[in-house]
Number of protein chains: 2
Amino acid sequence: MFSKACKYAINAMIYISTLPEGNDRVGLKEISKAINSPEAFTAKILQILVRENLLSSIKGPNGGFEIHEEGRKTHLYRIVQVIDGDQIFTGCALGLEKCSEDHPCAVHNKFKAIREHLAGMMMTTSLEDMAKGIQNGTNFLKI
Amino acid sequence: MFSKACKYAINAMIYISTLPEGNDRVGLKEISKAINSPEAFTAKILQILVRENLLSSIKGPNGGFEIHEEGRKTHLYRIVQVIDGDQIFTGCALGLEKCSEDHPCAVHNKFKAIREHLAGMMMTTSLEDMAKGIQNGTNFLKI
DNA sequence: ATAGTATCGGATATTTTTATCCTTTAATAT
DNA sequence: ATATTAAAGGATAAAAATATCCGATACTAT
Ligand code: FES
Ligand code: FES
């Protein structure tokens with residue numbers, strides 16, 4: 001479904017969002033430990049998220065990553081889009097060059113509903129929302 | 001969503017199912033032309049499907065692949081399972097070792113519904129069903 | 001100013017997926 | 001029997017995804 005890179009991105013963003021706003025600066029090491037991901041690879045992914053302004057970073061001592069106010073309203077859809085592209089939301093399930101009503105693949109009609117279900121869910125689920133479940137121990141980021 | 005191998009497998013199986021039953025023997029070359037897939041790679045995938053008894057093959061002149069009676073009732077779920085495994089139907093969306101109610105990831109509840117939607121669709125969609133859409137020109141296998 | 005720290009970014013390595021090549025095996029037709 | 005044909009299977013190659021390494025950059029603290 002999602003690439004590993006994308007899973008790490010989502011979990012990392014949620015983890016940062018669980019930290020108290022304004023006091024949420026956190027380093028790579030802590031993040032990758034919290035989500036159980038390879039450190040160096042996670043760094044690459046965080047770099048992309050920073051470049052795309054979904055995340056901000058500060059270098060040097062007491063440096064790290066943080067997500068301010070508005071950033072916590074980011075929807076999962078956007079993260080997937082930035083890391084995996086939106087093939088999953090718009091592409092053809094069976095590999096046709098493009099998904100369209102005019103030239104539908106064998107599963108187009110049935111699949112479209114699922115894809116929209118997924119896209120809708122991802123578009124209405126924010127980091128804030130997810131962070132709550134982690135904070136109160138209902139949901140988990142690793143193992 | 002699905003691997004290329006899996007997409008080729010599904011389209012190939014549907015293509016064979018569009019041919020008149022009992023007179024449906026068709027060679028690799030024709031199949032990969034019909035679904036626009038790389039020949040040698042497609043051969044590998046068909047071999048797996050033959051090994052798993054979703055397809056049968058005959059060597060030599062007038063040889064090829066065919067799907068008998070019962071085979072046409074095969075559901076897409078089974079093809080995905082054989083080629084990609086059932087990670088997509090049972091695995092955790094965010095990469096936890098296993099998906100479970102006891103230790104749910106951040107999107108577990110929301111994702112479960114989508115996964116079940118997908119699994120249900122794939123379990124109730126057969127080659128026969130798909131073949132009809134191709135035969136009457138409503139759906140397409142390539143481009 | 002200087003040393004220390006943490007992210008950035010480029011280079012490289014490993015693994016997995018996708019794709020090709022070629023020999024072997026089994027069936028057909030002459 | 002023999003030549004021909006098409007799938008099977010093993011070996012290899014290319015591409016993409018995942019993962020690691022290390023010097024450069026920017027910031028902090030002393
Ligand atoms: S054409 Fe395949 S999903 Fe729309
Ligand atoms: S635990 Fe992640 S989808 Fe169920």
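We name chains A, B, ... by the order of the sequence lines, and we start the count at 1 in each one.
For A:P61, taking side-chain heavy atoms from C-beta onward, the closest of the listed nucleotides C:dT7, D:dT18, D:dC27 is D:dC27. The listed nucleotides are D:dT20, C:dT28, C:dA19; the one nearest the side chain of B:N62 is C:dT28. Distances from the side chain of A:F65 to the nucleotides C:dC8, D:dT20, D:dT18 place C:dC8 closest. Checking C:dG9, D:dC27, C:dC21 against every side-chain atom of B:A40, the shortest atom distance belongs to C:dC21. Closest to the A:K59 side chain, of the nucleotides C:dA11, D:dT28, C:dA6, is C:dA6. The side chain of B:V50 lies closest to D:dA8, out of D:dA8, C:dC21, C:dC8. Which of D:dA7, C:dT18, D:dA19 sits closest to the side chain of B:F41 comes down to C:dT18. Nearest nucleotide to the side chain of A:K44, out of C:dA11, D:dA29, C:dC8: C:dA11.
When only modelled atom types and interatomic distance are considered, B:H68 and B:S56 share a side-chain donor-acceptor pair under 3.5 Å.
Between A:R25 and B:G64, the residue whose closest nucleotide on DNA chain D is further toward the 5' end is B:G64. Heavy-atom distances to DNA chain C give each of A:G60 and A:Q47 a nearest nucleotide, and the one nearer the 5′ end belongs to A:G60.
Using bins of under 30°, 30° to 60° and over 60° for the plane-to-plane angle, the ring pair B:H103/A:F140 lands in the parallel bin. Aromatic ring orientation, B:Y77 versus B:F89: parallel (interplanar angle below 30°, classes split at 30° and 60°).
At least one side-chain heavy atom of B:R72 sits under 4.5 Å from a side-chain heavy atom of B:E21.
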